[in-house]
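What follows is one structure encoded as structure tokens, with my remarks underneath.
Labels below follow one simple rule: chain letters A, B, ... track the order of the sequence lines, proteins then strands, and each chain is numbered from 1.
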Amino acid sequence: MSAAAPALGPWLSSYARKVPTWPVYLLGLVPGVFVAWDGVTAIADGVDILLHGFGSLALQFLLASLVVTPLLRFARINLIKFRKALGLLSVIYLSLHFAVWLLLDLQLRWGLIGSEIVKRPYLTIGFAAFLMLLPLAATSWQGAVARMGTQGWARLHRLVYPAVILGAVHFVMQEKVWLSQALVYLAAALFLVSLRFLWIRRW
Amino acid sequence: SVAGASAPFAARAQEALEPHTWEQITNYNNFYEFGTRKDDPARNAQDMVTDPWTVTVDGLVDNPGAYSLAELIGDIPTEERIYRFRCVEAWSMVIPWNGFELNKLLAKVGVQDGARHVAFETAVLPDVMEGVNTPILDWPYREGLRLDEAMHPLTIMATGIYGRPIPNQNGAPMRLVVPWKYGFKSIKSIVRISLVAEEPFATWNQSQPNEYGYYANVNPNVDHPRWSQASERVIGGGLFARRQDTLMFNGYEDQVASLYEGMDLTVQF
């Protein structure tokens, strides 16, 4: 790289400024289309493919949304304008994940659904993460910040920290064995959340 | 096709079962030696060499030794058994196995007095099994049956599916099939059969004793700690297939319930 080349951070940031956010939504939905296609065309068990595919994407996008702020802070790469899209994509996939479980896996057997959420810790935990993310999605529009005040809005959105850890724990717990992939997600979630503790003073 | 004392058992077991397709049966497998996803074994098991194949028979037997597969089972005629297959993960299939009753193999090797259980072991082939290089389970995969369960006419050794040699991902060249137990008991690609006095090591039971019992009988009344076992998803019915109620002993209650008389199945699950 020549000396005249701009540093990566500012270069990426200035490039990001020119890119609108709608392609992020569009691109973010592409892996979901692949999951849906795999599920619909599955030879044996499409429900399992949809359930795990959407669940994994929800966790991946949530983790991606949590990378944005540290990137700005430590690498001077400003991708803040895409953070909302990443978070909303996560909630979209989480809603699909939950809908597949309700409709296709447990098939609206409400008694079973209720008892499963209460009796199975990994489901209780996953459901709690889902509930935590819903108010964040509901207050993701511009006007919400103005109405709630920046401080109140920011405080509410700290729910993303317990939510991502619970989501990763849910992922680890539903496996029959300790899978390195699930553990990497949990480690990433713990790392990204602990970074916040280093710089957030007021809780 | 095979006459004998076991024919009525087999006939009743096969009643009104519609087998799944070859594609479904051979592309949806739990065989963690070849990866933990359901489609991993079909993709990764193809390099396993199953001919020649040696099975060691030891313990309390009259004729111990390391047998070639042909020596051990070459003279035992096979028959078709269409069985329900219920995974502990609450999904199920119907599979048309080709095989023979395990008791015929045991008769051949001569079970000695004092033997109370049969222990089985799966091959460990690190060059072709990427899974055994990770400590997700205590390899080799091992399972066991009480001797009376092993001798039961419904318990078979399978060497084929749909009249074709059993594919690697389904446990070539020889696997156990115990249709009234959760699928993980039906150990694949067997390289060792030991007749023993004590309850042997069983991989999943050892891994999570509160989740996987030694008996692992299909039982809709005993939940897995992380999910209900009262119903199951039948594989291959499409995204909107109805859940089906799980049957006691996977529908083989008439044939096998007597094996467990006097046992508390919620404790010895």
Side-chain angles (χ1 to χ4, degrees), chain A residues 34-56 96-97 99-127 169-184, chain B residues 20-30 32 35-42 85 87-93 131 133-139 141 169 182 184 203-204 206-208 211-212 223-245:
Chain A
F34 278 102
V35 167
W37 176 256
D38 283 352
V40 170
T41 60
I43 295 169
D45 191 3
V47 176
D48 187 66
I49 290 172
L50 295 181
L51 200 57
H52 289 102
F54 290 143
S56 299
L96 288 168
H97 173 69
V100 169
W101 185 72
L102 286 182
L103 298 170
L104 302 182
D105 191 4
L106 297 198
Q107 304 180 353
L108 299 182
R109 295 184 176 197
W110 292 107
L112 183 60
I113 289 163
S115 66
E116 287 289 276
I117 289 177
V118 174
K119 271 159 74 176
R120 321 291 174 195
Y122 89 99
L123 291 177
T124 316
I125 286 169
F127 188 62
V169 168
H170 164 81
F171 187 43
V172 170
M173 283 179 75
Q174 56 85 35
E175 298 285 1
K176 283 162 77 186
V177 291
W178 296 99
L179 278 194
S180 52
Q181 188 207 6
L183 292 171
V184 165
Chain B
H20 280 69
T21 67
W22 172 267
E23 284 67 32
Q24 290 163 343
I25 294 165
T26 61
N27 284 288
Y28 194 78
N29 308 100
N30 276 328
Y32 279 15
T36 54
R37 290 167 47 99
K38 296 288 187 290
D39 54 353
D40 283 339
F85 185 93
C87 181
V88 73
E89 297 165 349
W91 54 264
S92 68
M93 288 192 192
N133 298 312
T134 60
I136 51 174
L137 290 172
D138 186 352
W139 312 112
Y141 192 91
Q169 62 267 34
Y182 293 121
F184 68 85
T203 299
W204 281 107
Q206 180 271 345
S207 164
Q208 303 271 4
E211 298 194 350
Y212 311 101
D223 283 352
H224 184 281
R226 286 183 285 152
W227 55 84
S228 166
Q229 295 290 26
S231 62
E232 64 206 43
R233 272 186 314 111
V234 181
I235 290 309
L239 290 180
F240 304 100
R242 303 295 304 167
R243 286 187 86 88
Q244 172 178 297
D245 288 336

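Other residues, nucleotides and ligands contribute more than 12 heavy atoms inside 6.0 Å of the CH2 atom of B:Trp22.
In this structure, chain A has a heavy atom under 4.5 Å from the side chain of B:Asp223, while its backbone stays farther away. Only the side chain of A:Leu50 comes within less than 4.5 Å of a heavy atom in chain B; its backbone stays farther off. Of the two parts of A:Leu112, only the side chain, counted from C-beta on, holds a non-hydrogen atom closer than 4.5 Å to a non-hydrogen atom of chain B. Residue B:Arg37 does not touch chain A at all, counting heavy-atom pairs closer than 4.5 Å. Proximity to chain B involves both the backbone and the side chain of A:Val40, based on heavy atoms less than 4.5 angstrom apart. Of the atoms belonging to B:Ala241, it is backbone heavy atoms, and not side-chain ones, that fall under 4.5 Å from chain A. For B:Asn30, the part lying under 4.5 angstrom from a heavy atom of chain A is the side chain only. Looking at B:Thr21, there are no atoms closer than 4.5 Å to chain A (heavy atoms on both sides), in backbone or side chain. For chain A, the nearby part of B:Val88 is the side chain; its heavy atoms alone come within less than 4.5 Å. Contact annotation for B:Leu137: only side-chain heavy atoms (C-beta onward) come within less than 4.5 Å of a heavy atom of chain A.
Highest contact tally toward chain B, considering only A:Ala44, A:Gly39, A:Pro121, is held by A:Ala44 [criterion: heavy-atom pairs under 4.5 Å]. Heavy-atom pairs under 4.5 Å with chain A were tallied for B:Glu23, B:His224, B:Arg242; the largest tally goes to B:Arg242.
Listed by first and then second residue, the salt bridge (charged side-chain N to carboxylate O under 4.0 Å, His left out) pairs involving residues 171-182 of chain A are A:Lys176-B:Glu89 (not counting sequence neighbours).
Here B:Arg226 contributes atom CZ and A:Arg120 contributes atom CZ; the two are 10.5 Å apart, rounded to the nearest 0.5 Å. Atom-to-atom distance recorded for B:Thr134:OG1 and A:Leu179:CG is 8.5 Å, nearest 0.5 angstrom. From A:Leu106, atom CG reaches atom CZ of B:Arg233 across 9.5 Å, with rounding to the nearest 0.5 Å. In this structure, A:Ile43 CD1 and B:Gln24 CD are separated by 8.0 Å, a value rounded to the nearest 0.5 Å. Taken from CG in B:Leu239 to CG in A:Asp45, the straight-line distance is 9.0 Å, to the nearest 0.5 Å.
Ion pairing of B:Lys38 with A:Asp48 is absent here, as no side-chain N (NZ or NE/NH1/NH2) approaches a carboxylate O to less than 4.0 Å.
Counting heavy atoms from C-beta outward, A:Lys119 and B:Ser228 have side chains that stay 4.5 Å or more apart. In this structure, A:Val177 and B:Gln208 have side chains that are not in contact, with every pair of non-hydrogen atoms separated by 4.5 Å or more. Side-chain contact between B:Trp227 and A:Asp105 is absent, with no heavy-atom pair separated by less than 4.5 Å. Contact annotation: the side chain of B:Ile136 never approaches that of A:Trp178 to less than 4.5 Å [non-hydrogen atoms, C-beta and beyond].
A:Gln107 and B:Arg243 make their closest contact through OE1-N, 2.8 Å (heavy atoms, listed as atom of the first residue, atom of the second, distance).
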